[in-house]
Amino acid sequence: MSVRVRFAPSPTGSLHIGSVRTTLYNYFMARQGEGGKLILRIEDTDQDRLVPGAIDSIYDGLHWMGIRWDEGPREGGGYGPYVQSERLPIYQEHAARLVTDGAAYFCFCTKERLEQMRAGQRARGEITRYDRHCRNIPAAEAAARAKSEAHVIRLTVPEDGTIAIDDLVYGHVEWPLRSIEDQVLLKSDGFPTYQLAVVIDDHLMEISHVFRGEDWLPSTPKHLLVYRAFGWDVPPHAHLPNVLGPDGKKLAKRHGATKVEEFRTEGYLPEAMTNYLALIGWSPGTEEEIFSLDELVQRWRIDQVQRAGGKWDRDRLNYFNGVWIRRLSDDELLRRLDPFLPAEWDRALVQQVVPLIKERMRTLAEAKDLVAFLFADTLDHDRSILVPKKKEAHETVTALSRSTVALRFLEPFSAERIEQAIGAVAADAGWSVRDLTIAIRAAVTGRKIGPPLYASIALLGKDRALERLEAAQELLAA
RNA sequence: GGCCCGGUCGCCUAGCGGUCUAGGGCGCUUCCCUUUCAAGGAAGAGGUCAGGGGUUCGAAUCCCCUCCGGGCUACCA
């Protein structure tokens, strides 16, 4: 049987990196065998939580990550519609069928009654659970009332016994049926609950493997019961360990950035995101860890996915991002950098600095500060960094002045020649090259650290370099 | 509270009964390289394998209990 896997986000906000990790694993699975299909299904059965634009953001985020899929709301396919709100009749017919079969029943309890019931249960220290108040209304009576009264459809859960699954990641997991309540399958607004919709859609769309977050594991028995009520086979399931915040709880907004979009604008590469994310919860069993999307497809195995949740670690992401930035060709880096740099900056000049800053960036966003000195009209010199430790201001003026002289008639104005000239000045003045470059760097770039100095000066150009050297001297002399 | 899951260096993890005096990576420290910062190279600190009982000639690996953490417990997904 061919692989058909799906990822099924709710359009309740922008794409969370935890969902991305789940999607990635589905993607790996789909791309491993011949003819595997990846399907996008939008689970919008909660009309109250819809966020406008969420679907666009899901598309944008996943496309940016380099994930392509085969069937979905905009791509079509033979199993549509792929948006749950467009499949209402399907759910309603199936739910009705369950009622007819005696596997489910109409429930007329109001929200108020349910609340009271729970409040009472809590007060008595009991488990809060639906009391099956409507479970034994005679079928004919219930059917009649359903024509005029607001109602939901609930699953008739057996009173005794157990239900179990052999999860691909967690192994054998078993639940006592006593612990499961008569779940709502169809809401009073005619929409299905997640519990009903997933099972029907996964079955109808012929999903071969269900991969989803660990937090779904507790509701799996409900789904199992629905499969059983319909008499359908249960596809293999794999629950995936959660991505956690530093405090060990599910990664959430309060932990910082959690949306792909945020990482994109902060200057992370999709390659790094993919690589890093794949490694939370999965390991190849070897000591390799740098993998492209395609390599991950080759290497990833569901049985190497581990059970414990993994914490999101920004430092480690930064490391991967640095690795992938360095792996980019200079031209490609230039392209990726473009949106992070002011449009008015001369791209020809940017192109020349790129090699100098390539191994100095952890994120694309850092490039701007690194090279800003090349594009600034004037510099705000800072006296305190102009003068090297153990040197006096007047000595520094002299050293800078000699450097200015040495550079003034230098031709060609190349990094090599500049290096020679500055070396000569240092020797002449009795300064260490280190101290001299500290002063010159501060004078020419306004900063203590930056790209290699000599090449930076060459790129700046003689006129501007001299101007800045002189400005620094004036400041120190004043 | 109930049900379920998890627990190897600060973090991501390798490990599936002996090769583990527990390996790698991130981060951290030191050194080398060096015009700064990076990158790169080398070295190092860091783990009572949550704790306690078993099983076994032998356990991080199997079993039980305890503790701790997390998830779920809606007409949310």
Side-chain angles (χ1 to χ4, degrees), chain A residues 8-10 12 43-46 48-49 107 109-111 114-115 118 121-122 125-130 150-154 167 169-171 173-176 178-181 183-189 191-195 197-198 212-221 239 241-242 244 246-250 276 279-290 304 306-320 322-323 326 356-362 370 419 422-423 426 432-438 440-442 445 447-456:
Chain A
S10 295
T12 53
E43 311 224 317
D44 59 345
T45 56
D46 185 353
D48 295 336
R49 299 205 318 168
C107 169
C109 295
T110 61
K111 292 196 177 175
L114 293 175
E115 265 167 46
R118 285 194 199 98
Q121 287 169 336
R122 262 191 297 272
E126 297 169 5
I127 300 167
T128 55
R129 190 166 38 169
Y130 181 56
H151 62 275
V152 302
I153 291 177
R154 286 184 184 270
D167 188 271
V169 171
Y170 288 90
V173 184
E174 209 173 88
W175 297 264
R178 266 179 293 104
S179 68
I180 299 161
E181 73 175 346
Q183 196 58 33
V184 171
L185 299 178
L186 200 70
K187 305 187 239 184
S188 55
D189 62 0
F191 276 70
T193 58
Y194 173 83
Q195 329 295 349
V198 243
R212 70 202 343 174
E214 178 194 351
D215 29 353
W216 288 112
L217 189 54
S219 41
T220 301
H239 287 89
N242 277 149
L244 275 18
D247 58 359
K249 298 193 202 307
K250 272 203 304 183
Y276 171 62
L279 257 14
I280 299 182
W282 172 79
S283 155
T286 65
E287 285 168 3
E288 304 153 274
E289 60 175 9
I290 303 301
Q304 292 168 326
Q306 71 148 56
R307 289 181 274 271
K311 288 176 186 166
W312 178 261
D313 178 7
R314 185 64 84 111
D315 281 337
R316 193 162 149 83
L317 204 219
N318 287 338
Y319 163 75
F320 278 99
V323 168
R326 276 172 253 128
L356 301 183
I357 58 171
K358 193 174 186 175
E359 55 198 24
R360 276 162 249 263
M361 281 185 275
R362 324 253 339 169
L370 247 22
E419 177 170 12
I422 289 176
S432 66
V433 169
R434 189 187 181 89
D435 278 342
L436 220 213
T437 55
I438 285 174
I440 295 178
R441 179 185 301 282
T445 73
R447 304 178 109 242
K448 286 164 87 166
I449 60 170
L453 221 214
Y454 310 130
S456 296

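Reminder, nothing fancy here: chain letters follow the sequence lines and each chain counts from 1.
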Original post:
What is the pairing partner of rU29(B), taking Watson-Crick or G-U wobble pairs with both distances under 3.5 Å in any strand?
Top reply: rA43(B)
**OP:** Respond yes when some side-chain nitrogen or oxygen of Q304(A) is under 4.0 Å from OP1 or OP2 of rA14(B), and no when none is.
**Re:** no
**OP:** Describe the nucleic acid contact of G322(A) in one word from base, sugar-phosphate, nothing, applying a heavy-atom distance below 4.0 Å.
**Re:** nothing
Original post:
What distance separates R212(A) CZ from T220(A) OG1, expressed to the nearest 0.5 Å?
Top reply: 4.5 Å
Original post:
At under 4.0 Å between heavy atoms, what does C109(A) touch on the DNA or RNA strands: base, sugar-phosphate, or nothing?
Top reply: base
Original post:
Base, sugar-phosphate, or nothing for R441(A), non-hydrogen atoms under 4.0 angstrom?
Top reply: base
Subject >> For atom CZ of F191(A) and atom C1' of rA77(B), their distance in whole Å >> reply: 14 Å
Subject >> Who pairs with rU19(B) - Watson-Crick or G-U, where each distance is under 3.5 Å >> reply: none
Original post:
Does rU48(B) have a Watson-Crick or wobble partner in any strand here, with both distances under 3.5 angstrom, and which is it?
Top reply: none
Original post:
With rounding to whole Å, what would you report as the distance between rC12(B) and rG53(B) at their C1' atoms?
Top reply: 32 Å
Subject >> Intermediate values then yes/no, side-chain hydrogen bond (donor to acceptor under 3.5 Å, both in side chains), T286(A) and E288(A) >> reply: CA-CA 6 Å; T286(A) 65; E288(A) 304 153 274; 2.8 Å; yes
Original post:
In whole Å, what is the span from the NZ atom of K311(A) to the C1' atom of rC11(B)?
Top reply: 8 Å
Subject >> Interatomic distance where CD1 belongs to I422(A) and P belongs to rU35(B) [whole Å] >> reply: 12 Å
**OP:** Assign the ring pair W312(A) / Y276(A) to parallel, tilted or perpendicular, where the plane angle (0 to 90°) is split at 30° and 60°.
**Re:** perpendicular
Subject >> From rA77(B), rC5(B), rC26(B), nucleotide with atom closest to V173(A) side chain >> reply: rC5(B)
Original post:
On a whole-Å scale, what distance lies between the C1' atoms belonging to rC62(B) and rU21(B)?
Top reply: 24 Å
Original post:
How far apart are the C-alpha atoms of E181(A) and I127(A), what are their side-chain angles, what is the distance that settles it, and do they pass the side chain to side chain contact (heavy atoms under 4.5 Å, CB included) test?
Top reply: CA-CA 11 Å; E181(A) 73 175 346; I127(A) 300 167; over 6 Å; no
**OP:** Tell which nucleotide pairs with rC67(B), taking only Watson-Crick or G-U wobble pairs whose two distances are both under 3.5 angstrom.
**Re:** rG7(B)
**OP:** Name the nucleic acid region contacted by Y170(A), choosing base, sugar-phosphate or nothing; use a 4.0 angstrom heavy-atom cut-off, strictly under.
**Re:** sugar-phosphate
**OP:** Pick the C1' atom in rA59(B) and in rA22(B), then give their distance to the nearest Å.
**Re:** 13 Å
Original post:
How far apart are the closest heavy atoms of P451(A) and L356(A), and which atoms are they?
Top reply: CB-CB, 4.1 Å
Original post:
How many Å lie between OH on Y130(A) and C1' on rC75(B), as a whole number?
Top reply: 12 Å
Original post:
Is F320(A) touching bases, backbone alone, or none of the nucleic acid, heavy atoms closer than 4.0 Å?
Top reply: nothing
Original post:
With rounding to whole Å, what would you report as the distance between rU55(B) and rG7(B) at their C1' atoms?
Top reply: 22 Å
Original post:
R362(A) side chain N/O closer than 4.0 Å to the phosphate oxygens (OP1, OP2) of rG27(B)?
Top reply: yes
Original post:
Expressed in whole Å, how much space separates the P atoms belonging to rC72(B) and rC9(B)?
Top reply: 25 Å
Subject >> Short side-chain N/O contact from R154(A) to OP1 or OP2 of rC75(B), under 4.0 Å >> reply: yes
Subject >> rA74(B) and rC67(B), which share atom name P, separated by this distance in whole Å >> reply: 26 Å
**OP:** Considering just the side-chain nitrogens and oxygens of Y319(A), establish if one lies under 4.0 Å of OP1 or OP2 belonging to rC26(B).
**Re:** yes
Subject >> Partner nucleotide of rG1(B) by Watson-Crick or wobble geometry (both distances under 3.5 Å) >> reply: rU73(B)
**OP:** Select base, sugar-phosphate, or nothing to describe what R326(A) touches, counting heavy atoms under 4.0 Å on all strands.
**Re:** sugar-phosphate
**OP:** Between rA39(B) and rG18(B), how far apart are the C1' atoms? Round to whole Å, please.
**Re:** 42 Å
Subject >> Nucleotide nearest W175(A) when distance is taken to its side chain, options rG71(B), rC75(B), rC3(B) >> reply: rC3(B)
Original post:
The side chain of Y194(A) lies closest to which of these nucleotides: rA77(B), rG27(B), rC11(B)?
Top reply: rA77(B)
Subject >> Which nucleotide in rA74(B), rG6(B), rG71(B) has an atom nearest any side-chain atom of A308(A) >> reply: rG6(B)
Original post:
Can you tell me how far C1' in rU48(B) sits from the matching atom in rC57(B), rounded to whole Å?
Top reply: 24 Å
Original post:
At under 4.0 Å between heavy atoms, what does S188(A) touch on the DNA or RNA strands: base, sugar-phosphate, or nothing?
Top reply: base
**OP:** For T45(A), answer base if it contacts any base atom (sugar-phosphate contacts may also be present), sugar-phosphate if it contacts only those atoms, and nothing otherwise; contact means non-hydrogen atoms under 4.0 Å.
**Re:** sugar-phosphate
Original post:
In Å and rounded to the nearest 0.5 Å, what is the CG to NE2 distance from D167(A) to H239(A)?
Top reply: 6.0 Å
Original post:
How long is the gap from CD on Q121(A) to OG1 on T128(A), to the nearest 0.5 Å?
Top reply: 6.0 Å
Original post:
L317(A) has an atom CG; how far is it from atom P of rC11(B), in whole Å?
Top reply: 18 Å
Original post:
When rounded to the nearest 0.5 angstrom, what is the spacing between CD in E419(A) and CG in L453(A)?
Top reply: 10.0 Å
Original post:
Nearest of rU73(B), rU36(B), rA77(B) to any side-chain atom of Q195(A)?
Top reply: rA77(B)
Subject >> From OG1 (T45(A)) to NZ (K187(A)), nearest 0.5 Å >> reply: 4.5 Å
**OP:** Report the base-pairing partner of rU56(B) (Watson-Crick or G-U wobble, both distances below 3.5 angstrom), or none.
**Re:** none
Original post:
Just checking K111(A): base, sugar-phosphate only, or nothing, at a heavy-atom cut-off of under 4.0 Å?
Top reply: base
**OP:** Give P452(A) one of three labels, base, sugar-phosphate or nothing, depending on what nucleic acid heavy atoms sit under 4.0 Å from its own.
**Re:** base
**OP:** With RNA chain B as reference, determine whether D215(A) or G450(A) sits nearer its 5' end, using the nearest nucleotide of each.
**Re:** G450(A)
**OP:** Measure the distance from OH on Y454(A) to P on rU36(B) and round it to the nearest whole Å.
**Re:** 9 Å
**OP:** Take K187(A) and E214(A), find for each the nucleotide of RNA chain B with the closest heavy atom, and name the residue whose nucleotide sits nearer the 5' end.
**Re:** E214(A)
Subject >> Touch class at under 4.0 angstrom, heavy-atom based, for I280(A) against every strand present >> reply: sugar-phosphate
Subject >> Nearest-angstrom distance from the residue atom CD of E359(A) to C1' of rG41(B) >> reply: 14 Å
Original post:
Closer than 4.0 Å, any side-chain N/O of R434(A) to the OP1 or OP2 of rU36(B)?
Top reply: yes
Original post:
The side chain of K249(A) lies closest to which of these nucleotides: rG71(B), rC76(B), rC5(B)?
Top reply: rG71(B)
**OP:** Under 4.0 Å between any heavy atoms, over every strand shown, what does E126(A) touch: base, sugar-phosphate, or nothing? Just pick one.
**Re:** nothing
**OP:** Would you check if D46(A) and F191(A) make a side-chain contact, meaning some heavy-atom pair closer than 4.5 Å?
**Re:** no
**OP:** Quick one: label V152(A) by what it contacts on the DNA or RNA (base, sugar-phosphate, nothing), any heavy atom closer than 4.0 Å.
**Re:** base
Original post:
Quick one: R316(A) CZ to rU13(B) P, roughly how many Å, whole number?
Top reply: 8 Å
Original post:
Base, sugar-phosphate, or nothing for R122(A), non-hydrogen atoms under 4.0 angstrom?
Top reply: nothing
